[in-house]
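Here the structure is laid out as structure tokens; the discussion comes afterwards.
This is a predicted model, so every value here is computed, not measured. For the single chain, residues carry numbers from 1 onward in sequence order. In each ligand, atom 1 is the first atom listed, and ligand 1 is the first ligand listed. Note: hydrogens, waters and symmetry copies are ignored here, and every other heavy atom, side chains too, is used.
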Amino acid sequence: MVPPHRRDEFALIDAFTRPFGVPASPFGPGDDAAVLDVPKGHRLVVTTDALVEDVHFTRATFRFEDVGHKALAVNLSDVAAMGASPLSFLCALSLPDDVEDAQLVAVARGMAALARKAGITLVGGNVTRGPKLSVTITALGKIPSSARPLCRDGARPGDDVYVSGALGDAAAGLAQPRPRDRQRRPAPEVRLGPALLGLATACIDVSDGLAQDLGHLAAASRVALELTAKDLPIGTHAKAAATSGPQALNWALTGGEDYVLAFTAPRRSARRLAAIAANLRRRITRIGSVVSGRGLWLDGRPLESTGFRHR
Ligand SMILES: [Mg+2]
């Protein structure tokens with residue numbers, strides 16, 4: 001750990017780690033590195049993503065708790081998109097001098113609350129001085145060695161296209177002073193992702209917008225996806241905030257930051273998916289189908305030609 005300027009390094013680390021309670025590892029934090037067991041019969045799934053002040057958030061619109069929550073949430077969403085269950089995570093912080101210790105602890109509190117919900121904890125990290133507040137999480141997950149991870153390239157003609165939860169609420173929040181909670185505090189699909197193993201043929205989390213993310217999935221799978229506009233589960237915030245139907249649809253398609261899962265599955269999986277949705281009390285909506293060809297289609301037209309654009 002590099003000591004932040006004019007701060008007591010050890011007091012700072014102690015204050016930051018306290019909200020997380022007992023460390024999951026028998027060794028570290030406090031040692032040079034964490035030492036972790038990979039659960040027997042599993043493979044490790046690892047991802048990393050940074051949340052940077054004035055790039056991904058501003059202090060005017062995010063509480064410090066929100067920063068901690070979101071930094072972890074976006075990583076857990078990527079873990080879930082692979083069909084993995086979260087195991088633990090590391091956190092590297094860059095800290096400007098004008099962030100008070102109490103504000104740093106608020107970051108930790110927001111992060112720890114989500115970690116507890118996901119049943120995981122912090123196992124290591126780093127603090128350094130920097131010009132902006134930046135929180136980089138490395139999240140670890142596990143997946144049974146016998147299971148095929150949910151990659152982007154497995155969609156096949158004849159599969160259905162599904163999305164979990166609702167779309168457009170985060171974008172609707174961005175367009176208004178309030179509510180912004182969907183954008184500040186996404187709820188990653190930590191339980192749904194692993195439940196889709198063996199059912200979904202391809203999966204991606206919706207971070208950049210449904211159209212863009214499903215575009216990646218279609219390209220990786222070398223197929224075309226035909227979506228039906230009326231079937232898209234537009235969120236209640238997006239519906240309420242939109243001044244027109246096309247605006248709500250635009251948020252749902254291109255707004256991004258919904259952190260739900262978009263995936264494909266064979267028709268025969270429909271009943272099992274409905275059972276999973278009921279069991280997890282999560283909405284899963286069929287929004288289209290996979291056909292041979294390339295690209296993303298909406299109501300029979302190539303999506304690029306429909307005028308929907310990334311914000
Ligand atoms: Mg992703």
| task | Check D205 and report its N/O/S atom nearest to the Mg ion (ligand 1), by atom name. | result | OD1
| Do F20 and R109 touch side chain to side chain, with heavy atoms closer than 4.5 Å? | no
| request: With the side chain counted from C-beta on, respond yes when L93 and L104 share a heavy-atom pair under 4.5 Å apart, and no when they do not. | output: yes
| Does any N, O or S atom in D213 come within less than 2.8 Å of the Mg ion (ligand 1)? | no
| Plane angle bin for F62 and F57 - parallel if under 30°, tilted between 30 and 60°, otherwise perpendicular | tilted
| N/O/S atom name from D78 that is nearest to the position of the Mg ion (ligand 1) | OD1
| task | Using atom types as modelled and distance alone, determine if a side-chain donor or acceptor of T17 lies under 3.5 Å from a backbone N or O of I13. | result | yes
